[in-house]
Amino acid sequence: MTFSSFSKHTSSSSLIYILLISLAFLALTFVLIRPNDSSLSLCTEGSGTIDSTNIVKPEFRLLIGVVTLPDMYERRNLLRTIFSLQTYDKSIAQIDIRYVFCNLTSEEQKIFIALEIMRYDDIIIVNCKENMNDGKTYAFLSQVPVLFKDEPYDFVMKADDDSYIILEKLVESLRDKPREDMYYGLKIPCDTKNFFPFPPFMEGMGYVLSWDLIEWIATSDLPRKDNIGLEDMWTGRWFNLAGKAKKRFDMAPRFYDYKGQAKTNCFRHDFIPDSILVHRLKKNFQWADTLRYFNVTSGLKPSKFYHIP
């Protein structure tokens with residue numbers, strides 16, 4: 001090595017050393033002066049990066065499967081809007097909501113449902129032909145442990161798409177419930193004097209099962225061989241025959257059907273403040289009536305861009 005090349009090498013090394021010292025000093029200055037500046041955080045909201053050291057594990061995880069039909073686009077849009085505006089304590093519960101239906105049957109459905117999935121990613125299509133009492137509920141429940149085997153839930157709820165569910169109240173109610181052999185909903189029959197005494201089951205408006213019961217449904221021969229019948233009655237029938245779901249919780253009167261002009265009975269009555277689920281909201285005016293009672297739109301801010309009296 002010549003003196004000239006040695007000098008150049010030494011000069012380059014010194015320059016690199018000075019640059020490294022300067023960068024280290026600059027980084028230290030930012031940390032000391034602006035330690036809480038969110039713009040410097042390695043985990044920013046919406047960045048897709050999760051800082052696992054700051055994750056608070058909830059007390060339980062709940063999957064809500066809303067059973068619906070492919071063509072019910074308006075209803076799914078309404079439900080997504082309603083759920084998105086609700087709040088609950090996420091340190092207590094993680095709630096994932098999925099919309100469940102059978103195989104698509106038209107070219108329009110394939111395009112429109114694909115758009116929904118691309119936008120919301122909240123749809124489950126189970127391998128069945130659309131039906132009400134021909135195994136759709138079994139097709140869904142039996143697939144849940146397969147679809148979510150890597151991240152099992154504590155509870156799974158099967159709900160109808162004409163049910164208004166108040167998530168905060170549901171979370172409070174489920175918090176102290178057992179994580180095994182648990183069956184929760186509106187028990188039918190609720191009045192054996194006036195209604196035919198069916199074998200006890202939870203009404204299909206919405207019922208919650210512990211994860212072990214979901215796994216049992218997926219692996220047992222009993223439901224696999226006997227799933228054609230009145231869907232939700234058959235769920236109770238499986239448990240009754242197998243001696244399962246012994247920890248049952250009847251949520252009357254907090255689960256009930258919309259009353260409207262109909263007569264009051266053990267599963268249908270006027271709105272109550274402590275409601276968890278209101279069912280049979282088949283028409284838009286019934287949804288509007290329900291949402292009005294629970295003051296769902298009370299948070300609407302005034303604006304020059306609209307006038308809603």
Side-chain angles (χ1 to χ4, degrees), residues 62 64-68 75 79 82 86 132-133 136-138 141 155-178 181-210 213 217 229-296:
L62 167 66
I64 300 178
V66 179
V67 177
T68 183
R75 179 64 53 79
L79 289 171
I82 291 171
Q86 294 193 41
M132 181 175 290
N133 296 309
K136 181 177 179 179
T137 295
Y138 172 75
L141 295 177
F155 301 119
V156 176
M157 182 178 199
K158 177 265 175 186
D160 286 348
D161 67 359
D162 60 345
S163 292
Y164 172 56
I165 303 171
I166 303 173
L167 298 178
E168 181 180 24
K169 299 292 187 181
L170 179 63
V171 167
E172 292 172 357
S173 177
L174 285 175
R175 189 176 188 183
D176 64 350
K177 298 301 183 288
D181 205 36
M182 200 279 292
Y183 190 19
Y184 165 111
L186 174 64
K187 190 183 77 171
I188 299 294
C190 54
D191 181 357
T192 56
K193 293 181 180 179
N194 298 304
F195 294 92
F196 182 79
F198 300 107
F201 67 98
M202 298 301 179
E203 218 276 351
M205 59 176 67
Y207 53 82
V208 181
L209 304 174
S210 55
L213 292 179
I217 290 172
L230 299 175
E231 293 274 349
D232 306 300
M233 183 188 295
W234 249 239
T235 303
R237 169 186 166 86
W238 303 331
F239 296 147
N240 296 335
L241 290 174
K244 295 282 187 179
K246 294 180 180 179
K247 301 170 185 176
R248 302 192 182 194
F249 296 87
D250 181 9
M251 297 313 297
R254 301 179 71 187
F255 279 42
Y256 57 95
D257 279 358
Y258 176 87
K259 181 176 179 292
Q261 301 302 313
K263 293 182 178 180
T264 298
N265 58 30
C266 62
F267 58 81
R268 180 175 58 231
H269 54 75
D270 290 327
F271 296 124
I272 59 174
D274 203 31
S275 303
I276 296 176
L277 186 152
V278 183
H279 180 233
R280 292 202 180 279
L281 305 178
K282 303 291 186 182
K283 305 292 184 179
N284 283 345
F285 78 87
Q286 295 170 326
W287 276 100
D289 192 22
T290 303
L291 298 175
R292 184 182 304 109
Y293 174 83
F294 291 103
N295 295 317
V296 172

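Remember, it's a predicted structure, so these values are computed and weren't measured experimentally.
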Inset, instruction - Identify, with sequence neighbours excluded, every residue that meets salt bridge (Lys or Arg N to Asp or Glu O under 4.0 Å) alongside Arg248. - result: none

Inset, instruction - Identify the heavy atoms of Tyr293 and Ile272 that sit nearest to each other, and give their distance. - result: OH-C, 3.6 Å

Inset, instruction - Quick one: list whatever passes side chain to side chain contact (heavy atoms under 4.5 Å, CB included) with Lys282, sequence neighbours left out. - result: Asp162, Arg280, Gln286

Legend entry - Inter-residue atom distance Ile217.CD1 - Thr137.OG1, 0.5 Å rounding: 9.5 Å

Legend entry - Contact check, side chains of Trp234 and Tyr138, non-hydrogen atoms, under 4.5 Å: no

Inset, instruction - Could you pull out all residues at least two apart from Lys244 that satisfy side chain to side chain contact (heavy atoms under 4.5 Å, CB included)? - result: Asp181, Leu213, Trp216, Phe239, Ala242

Legend entry - Test item: Asp160 side-chain N/O and Ser163 main-chain N/O as donor-acceptor pair under 3.5 Å: no

Legend entry - Where Phe267 and Leu186 come nearest, the two heavy atoms and their spacing: CB-CD2, 3.7 Å

Inset, instruction - Output the distance between atom OG (Ser210) and atom CG (Leu174), rounded to the nearest 0.5 Å. - result: 11.0 Å

Legend entry - Where Gly204 and Asp232 come nearest, the two heavy atoms and their spacing: CA-OD2, 3.1 Å

Legend entry - Stacked cation flag Lys177 on Phe249, 6.0 angstrom / 45 deg: yes

Inset, instruction - Could you point out which residue of Leu291, Val296, Ile166 forms a side chain to side chain contact (heavy atoms under 4.5 Å, CB included) with Ile82? - result: Leu291

Legend entry - Side chain proximity check, Ile64 to Leu170, heavy atoms < 4.5 angstrom: yes

Inset, instruction - Would you check if Leu277 and His279 make a side-chain contact, meaning some heavy-atom pair closer than 4.5 Å? - result: yes

Inset, instruction - Could you grab the distance from atom CZ of Arg75 to atom CG of Asp161, nearest 0.5 Å is fine? - result: 5.0 Å

Inset, instruction - Could you tell me whether the side chain of Arg268 and the main chain of Ala262 form a donor-acceptor pair under 3.5 Å? - result: no

Legend entry - Reported CD1-to-CE distance for the pair Ile276 and Met251, which is rounded to 0.5 angstrom: 4.0 Å

Inset, instruction - Starting at CG of Asn133, measure out to CG of Leu230 and round the result to the nearest 0.5 Å. - result: 5.0 Å

Legend entry - Tyr183 side chain vs Met202 backbone, donor-acceptor pair below 3.5 Å: yes

Legend entry - Minimum heavy-atom distance between Pro189 and Pro200, given as atom pair plus value: CD-CA, 4.2 Å

Legend entry - Shortest non-hydrogen separation from Ala159 to Ile165 and the atoms involved: CB-CD1, 3.9 Å

Legend entry - Partner set under side-chain hydrogen bond (donor to acceptor under 3.5 Å, both in side chains) for Lys247, not counting sequence neighbours: none

Inset, instruction - Could you list the residues that satisfy salt bridge (Lys or Arg N to Asp or Glu O under 4.0 Å) with Arg175, not counting sequence neighbours? - result: Glu59

Legend entry - Counterpart residues, side chain to side chain contact (heavy atoms under 4.5 Å, CB included), relative to Leu241 (two or more places apart): Leu222, Arg237

Legend entry - Set of residues satisfying ring pair (Phe, Tyr, Trp, His ring centres under 6.0 Å) with respect to Phe201, sequence neighbours excluded: none

Inset, instruction - Would you please name every residue forming a side chain to side chain contact (heavy atoms under 4.5 Å, CB included) with Asp289, sequence neighbours left out? - result: Tyr258, Phe271, Arg292

Inset, instruction - Write down the atom of Tyr207, the atom of Leu141, and the distance for their closest heavy-atom approach. - result: OH-CD1, 4.2 Å

Legend entry - Partners passing salt bridge (Lys or Arg N to Asp or Glu O under 4.0 Å) against Asp274 (at least two apart in sequence or in another chain): Lys169, Arg254

Legend entry - Phe294 side chain near Ser275 side chain, heavy-atom distance below 4.5 Å: yes

Legend entry - Non-neighbouring partners of Thr290 that pass side-chain hydrogen bond (donor to acceptor under 3.5 Å, both in side chains), sequence neighbours left out: none

Inset, instruction - Would you give the length of the straight line joining atom CD of Glu231 to atom NZ of Lys158, rounded to the nearest 0.5 angstrom? - result: 7.5 Å

Legend entry - salt bridge (Lys or Arg N to Asp or Glu O under 4.0 Å) partners of Lys187, counting only residues at least two apart: none

Legend entry - Residues in side-chain hydrogen bond (donor to acceptor under 3.5 Å, both in side chains) contact with Tyr184, at least two apart in sequence or another chain: Ser173

Inset, instruction - Determine whether Tyr256 and Val278 make a side-chain contact, defined as any pair of heavy atoms from C-beta on separated by less than 4.5 Å. - result: yes

